[in-house]
Amino acid sequence: MTRLDALRAVYAQLQERIVVTIMGAVAAELQSIGHRPNFFYLQHAMGLASSMGLGIALSKPDRQVVVFDGDGSVLMNLGGLTTLARYRPRNLVHVVFDNESLLSVGGFPTATATGSDLAGIAAAAGVPSTATVTTVDAFTAAFDAALSARDLTTIVAKVEAVGPTGYVTDLSLLENRFQFQRYLRS
Ligand SMILES: Cc1ncc(C[n+]2csc(CCOP(=O)(O)OP(=O)(O)O)c2C)c(N)n1
């Protein structure tokens, strides 16, 4: 499965939900499908997309929050999983696109390439629902189930280590920041 195909498969369900992504490939790919004011692409703060999603989920319990993370980013902040589990926001779906690589900075292998199991780590951290999927159909089913279950879920989607041709988009960090802030307040 490619991450782009997985994103396309669930894009319609992102329209009315709050979405936070990590920087780099996933941000560029989601924007290539179509940017929306409810999408925020967290630049620079590698590993903290789930933490930002947690804060939003706790402050907006009536909204569902989707976080698109990466294996390298999660590995940089494994403690984030324990904090997620501790607060257990039932309105947060945490998707980790695991390409076993730091793709956005050149494709260096991560620990998932040598056997570390992020869904297992999330479950051991206390995340109540976890899954690992390897096909678009399985990803869509797991994503749908997580949205309807209304409980904290981490879905690890094993994807090919391929990304967009370019990472720079015409949406600047500050523009995205102010637009997203206005969206959250509206
Ligand atoms: C604290 C910190 N260290 C390093 C970087 C540089 N950096 C940006 S994206 C990235 C790789 C992210 O890897 P992953 O989460 O696996 O996502 P992928 O690029 O594979 O989609 C790195 C190392 C950063 N932005 N912040």
Side-chain angles (χ1 to χ4, degrees), residues 1-11 14 19-35 39-56 65-85 92-123 125 127 130-136 138-140 142-143 153-177 180:
M1 144 168 69
T2 66
R3 179 175 40 207
L4 187 58
D5 284 343
L7 286 170
R8 283 197 181 112
V10 298
Y11 183 80
L14 306 179
V19 177
V20 178
T21 80
I22 58 165
M23 77 212 92
V26 66
E29 286 181 339
L30 185 58
Q31 284 178 70
S32 76
I33 304 170
H35 171 65
F39 295 175
F40 184 72
Y41 317 98
L42 182 63
Q43 303 289 336
H44 308 302
M46 192 176 163
L48 293 172
S50 68
S51 306
M52 184 170 176
L54 170 62
I56 296 170
V65 178
V66 176
V67 173
F68 290 122
D69 219 329
D71 51 297
S73 298
V74 171
L75 286 162
M76 186 169 263
N77 180 27
L78 284 176
L81 291 172
T82 63
T83 311
L84 262 190
L92 193 149
V93 178
H94 180 212
V95 175
V96 184
F97 287 117
D98 181 3
N99 54 18
E100 303 185 354
S101 166
L102 298 171
L103 184 75
S104 301
V105 288
F108 308 98
T110 70
T112 62
T114 49
S116 296
D117 168 10
L118 290 177
I121 293 172
V127 175
T130 63
T132 299
V133 294
T134 58
T135 64
V136 173
F139 173 65
T140 309
F143 192 78
T153 305
T154 294
I155 301 168
V156 177
K158 299 292 277 189
V159 291
E160 294 170 37
V162 293
T165 45
Y167 291 88
V168 179
T169 71
D170 62 2
L171 181 69
S172 79
L173 186 161
L174 283 179
E175 188 178 354
N176 184 212
R177 175 219 191 280
F180 185 66

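In listed order, ligands and their atoms are each counted from 1.
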>> Is the contact between A45 and ligand 1 made by the side chain, the backbone, both, or neither, using heavy atoms and a 4.0 Å cut-off?
In response: neither
> Which residue holds the protein heavy atom closest to atom 7 (N) of ligand 1, what is that atom called, and what is the gap in Å?
Replying inline: V105 CG1, 3.5 Å
>> Set out, in order, the CA-CA distance, both residues' side-chain angles and the distance that settles side-chain contact (heavy atoms from CB on, under 4.5 Å) for T130 and V156, then state yes or no.
In response: CA-CA 8 Å; T130 63; V156 177; over 6 Å; no
> Identify the closest protein heavy atom to atom 19 (O) of ligand 1: which residue and atom is it, and at what distance?
Replying inline: S104 OG, 2.5 Å
>> With a cutoff of 4.0 Å, is Q43 in contact with ligand 1, counting heavy atoms of the residue only?
In response: no
> Checking D98 side chain against D117 main chain: does a donor-acceptor pair fall under 3.5 Å?
Replying inline: no
> Which atoms form the tightest heavy-atom contact between A25 and R3, and what is the distance?
Replying inline: CB-NH2, 2.9 Å
> In ligand 1, which numbered atoms sit nearer than 4.0 Å to a non-hydrogen atom of I22?
Replying inline: 15 (O), 17 (O)
> For G24, is the nearest heavy atom under 4.0 Å from an atom of ligand 1?
Replying inline: no
>> Can you tell me how the ring of F39 sits relative to the ring of Y41, calling it parallel under 30°, perpendicular over 60° and tilted otherwise?
In response: perpendicular
> Is the closest heavy-atom distance from D71 to ligand 1 below 4.0 Å?
Replying inline: yes
> Do any nitrogen or oxygen atoms of R3 come within less than 3.5 Å of a nitrogen or oxygen of ligand 1?
Replying inline: yes
> With side chains defined as the heavy atoms from C-beta onward, is the minimum distance between L30 and Y11 less than 4.5 Å?
Replying inline: yes
> Counting heavy atoms only, which of G72, S73, G107 is nearest atom 16 (O) of ligand 1?
Replying inline: G72
> Are any side-chain N or O atoms of D71 and backbone N or O atoms of S101, one a donor and one an acceptor, separated by less than 3.5 Å?
Replying inline: yes
>> For a 4.5 angstrom cut-off between non-hydrogen side-chain atoms, does K158 reach T132?
In response: yes
> Which residue owns the protein heavy atom closest to atom 13 (O) of ligand 1, what's the atom, and how far is it?
Replying inline: L102 CD2, 3.4 Å
> Nearest protein heavy-atom contact for atom 26 (N) of ligand 1: which residue, which atom, what distance?
Replying inline: H44 O, 3.1 Å
> So which heavy atom in the protein is nearest atom 20 (O) of ligand 1, and how far is it from that ligand atom?
Replying inline: S101 O, 2.8 Å
> Which heavy atom of V65 sits nearest a heavy atom of I56, and at what distance?
Replying inline: CG2-CG2, 4.0 Å
> Do L118 and I121 have side chains that get closer than 4.5 Å, going by heavy atoms?
Replying inline: yes
> Under the side-chain contact (heavy atoms from CB on, under 4.5 Å) criterion, do L7 and F97 qualify, and how do the steps go?
Replying inline: CA-CA 10 Å; L7 286 170; F97 287 117; 3.9 Å; yes
>> Heavy atom to atom 1 (C) of ligand 1, shortest distance: which of M23, M76, E100 holds it?
In response: M76
> Nearest protein heavy-atom contact for atom 2 (C) of ligand 1: which residue, which atom, what distance?
Replying inline: M46 CB, 3.7 Å
> If you count the atoms of ligand 1 from 1 in the order shown, which ones are under 4.0 Å from a heavy atom of N99?
Replying inline: 18 (P), 20 (O), 21 (O)
>> Under a 4.0 angstrom heavy-atom cut-off, which atoms of ligand 1 come close to L103?
In response: 18 (P), 19 (O), 20 (O)
